[in-house]
Trainee: 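This is the structure I have questions about; it appears just below.
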Amino acid sequence: MYYAYKYRLKPSDAHREELDRHRDICRQLYNHTLYRLNEYQDEHGELPSMTTLRSELPDLKEWWDDLSDVYSKVLQTVVERLFDNLKGLSKLKENGYGVGQLKWKPPREFRSFTYSQSGFKLDKKGGQTVLSLSKLGDIPIRLHRAIPDDAKRKQVTVKKEPTGEWFATFGVEMDREPPEPPENPETCVGIDVGILKYAHDTDGTAVGSLDLSDERDRLEREQRKLSRKQHGSNNYEKQRRQVAECHADLRRKRRDFLHKLSNYYAREYDLVAVENLNVKGMMESPSNSRNTASAAWRTFLSLLEHKCEREGTHFVAVNPRGTTKECASCGVSTEKPLWVREHSCPACGFEADRDANAAWNILSRGLEDVGVGHSEGTPVETALPVDTSVSAKRVVEAGSPTLKKRTASAVSE
């Protein structure tokens with residue numbers, strides 16, 4: 001399997017200047033390659049191959065002196081990056097999206113470069129761990145976790161964040177294969193995601209949404225300060241970094257919460273059933289789009305799917321249509337507005353929390369999709385009593401010690 005390990009670099013001022021110079025040379029090469037691609041297409045009526053443009057690099061070095069200061073593999077990955085972007089546009093076009101053409105990259109949009117196969121290594125010098133990069137030097141790195149001994153380091157990507165921090169992401173390959181999911185899963189769970197409670201599962205656990213209101217208030221204050229600065233001034237640049245740090249703080253806290261929650265479900269269960277949500281369509285809705293974006297459901301489902309594959313857990317994404325309306329006990333659909341948080345079936349009398357009922361329906365559909373044996377209906381006696389506002393056996397607030405204890409074994413990637 002292929003894994004990514006991300007670490008923070010601690011470059012000196014001289015290293016920062018050199019890293020920025022190499023990054024800008026790669027950006028200019030990307031723009032030049034895009035120009036050559038368009039020129040070749042106009043002359044020959046077809047797109048050139050990646051090998052054709054990559055073979056022009058030695059001739060470029062004869063009149064472009066700065067290219068000789070950058071490691072050759074890094075220059076080759078810049079050309080590969082352009083063709084990867086072209087493939088991405090082609091896939092979008094095949095899926096029916098309207099796409100334009102690739103544009104030249106300004107400095108703010110080209111933030112990384114990659115060493116592939118060679119030109120980099122981890123070393124110990126002066127009592128600290130350093131990342132040795134060819135034609136760049138030895139840059140101190142903070143290895144907060146060790147890379148497994150059996151991992152083959154295939155590449156490293158050096159990236160500058162909007163905050164000005166530099167990070168190194170190692171792409172490693174391991175011979176180990178993920179375990180196969182069990183044919184007859186014993187522990188199964190259905191998860192219904194929401195706004196008020198982020199996740200409500202069939203085991204009676206309701207996980208509260210992450211409260212980021214203080215962080216958002218701080219971001220808005222810093223953005224207002226930025227709007228009063230003169231664009232391009234030193235004060236503007238200083239305030240811009242403050243805004244970038246607020247964005248980074250929000251992103252880190254949200255991803256930490258999602259990593260821990262997804263890791264818990266992937267490790268504790270043999271089968272996890274979730275809704276295949278159309279988050280893009282929900283974002284286009286005129287109401288509640290901000291909370292939908294903040295919930296990051298698509299990121300959670302992507303992380304959960306990856307971790308289930310890693311742990312050998314069945315991951316099933318089911319059609320979400322009608323999961324809230326249908327009765328988990330008898331299957332009769334009942335219309336209910338969003339503000340009604342309790343499910344009460346007029347046909348069979350089954351009562352449960354609205355989200356708990358949806359979670360049972362999601363699990364039932366997931367079991368049908370996998371094709372494993374299960375009971376025909378959800379036992380009413382296992383339903384959650386509607387004696388609280390949440391109707392859950394366990395209510396876990398995001399960021400609470402209880403959640404941290406349950407996810408202590410989680411390892412964020």
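Please read all numbers here as calculations on a predicted model, not as lab measurements.
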Trainee: With a sphere of 6.0 Å drawn around CG of N95, does it hold more than 12 non-hydrogen atoms of other residues, nucleotides or ligands?
Mentor: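 Check passes, neighbour count above 12.
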Trainee: If you measure only the distance, is there a donor-acceptor pair under 3.5 Å linking the side chains of T157 and T114?
Mentor: yes
Trainee: Look at the aromatic rings of F120 and F170 and report parallel, tilted or perpendicular, splitting at 30° and 60°.
Mentor: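 Rings of F120 and F170: tilted, 30 to 60°.
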Trainee: Do other residues, nucleotides or ligands put more than 12 heavy atoms under 6.0 Å from E109 CD?
Mentor: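 Result for CD/E109: enclosed.
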Trainee: In chain order, what residues pass the salt bridge (charged side-chain N to carboxylate O under 4.0 Å, His left out) check against D214, with sequence neighbours excluded?
Mentor: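 Counting only residues at least two positions away or on another chain, D214 forms no salt bridge (charged side-chain N to carboxylate O under 4.0 Å, His left out).
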Trainee: Is Y2 atom OH crowded by more than 12 heavy atoms from other residues, nucleotides or ligands, each under 6.0 Å away?
Mentor: yes
Trainee: With sequence neighbours excluded, tell me which residues meet salt bridge (charged side-chain N to carboxylate O under 4.0 Å, His left out) with D123.
Mentor: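 Not a single residue meets the salt bridge (charged side-chain N to carboxylate O under 4.0 Å, His left out) criterion with D123.
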Trainee: Please collect all salt bridge (Lys or Arg N to Asp or Glu O under 4.0 Å) contacts where either partner lies in residues 17-31, sequence neighbours excluded, each pair once.
Mentor: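 For residues 17-31: E18-R21, D20-R23, D20-K160, R21-D69, D24-R27.
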Trainee: Are there more than 12 heavy atoms of other residues, nucleotides or ligands under 6.0 Å from atom CZ of R216?
Mentor: yes
Trainee: Between F300 and Y198, what is the ring plane arrangement, given parallel below 30°, perpendicular above 60°, and tilted in between?
Mentor: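 Perpendicular: the ring planes of F300 and Y198 meet at over 60°.
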Trainee: Taking only residues two or more places apart in sequence, or in another chain, which ones meet R54 in a side chain to side chain donor-acceptor pair (under 3.5 Å)?
Mentor: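 Residues passing side chain to side chain donor-acceptor pair (under 3.5 Å) with R54: E80.
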Trainee: Does any non-hydrogen side-chain atom of D270 lie less than 4.5 Å from one of N184?
Mentor: no
Trainee: With heavy-atom distances below 4.5 Å as the criterion, would you say the side chains of E215 and K253 are in contact?
Mentor: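 Contact flag for E215/K253 side chains = yes.
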Trainee: Quick one: salt bridge (Lys or Arg N to Asp or Glu O under 4.0 Å) pairs with a partner in residues 186-196, sequence neighbours left out?
Mentor: none
Trainee: Is there any salt bridge (Lys or Arg N to Asp or Glu O under 4.0 Å) pair reaching into residues 34-43, and which pairs are they, with sequence neighbours excluded?
Mentor: R36-E39, R36-E56
Trainee: Parallel, tilted or perpendicular, judged at 30° and 60°: which one describes the rings of H32 and Y35?
Mentor: tilted
Trainee: Atom NZ of residue position K154 - does it have more than 12 heavy atoms of other residues, nucleotides or ligands inside 6.0 Å?
Mentor: no
Trainee: Is it the case that over 12 heavy atoms from other parts of the model lie below 6.0 angstrom from the NZ atom of K325?
Mentor: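 Atom NZ in K325 is not packed in, count stays at 12 or less.
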Trainee: Take R111 and E161 through the test salt bridge (Lys or Arg N to Asp or Glu O under 4.0 Å) and record every step on the way to the result.
Mentor: CA-CA 7 Å; R111 297 188 172 275; E161 296 292 342; over 6 Å; no
Trainee: Should we count NZ of K61 as having more than 12 external heavy atoms under 6.0 Å?
Mentor: yes
Trainee: Here's one to test your reading of the geometry: is the NZ or CZ of K105 within 45 degrees of the ring axis of F110 and under 6.0 Å from its centre?
Mentor: no
Trainee: Is any NZ, NE, NH1 or NH2 atom of the basic residue among E173 and K152 found under 4.0 Å from an Asp or Glu carboxylate oxygen of the other?
Mentor: no
Trainee: Answer with yes or no whether the side chains of Q117 and K73 bring together a donor and an acceptor at under 3.5 Å.
Mentor: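 Yes, because at least one side-chain N or O of K73 sits under 3.5 Å from a partner of the opposite role on Q117.
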Trainee: Hey, are the side chains of V272 and V316 touching, using non-hydrogen atoms and a 4.5 Å cut-off?
Mentor: no
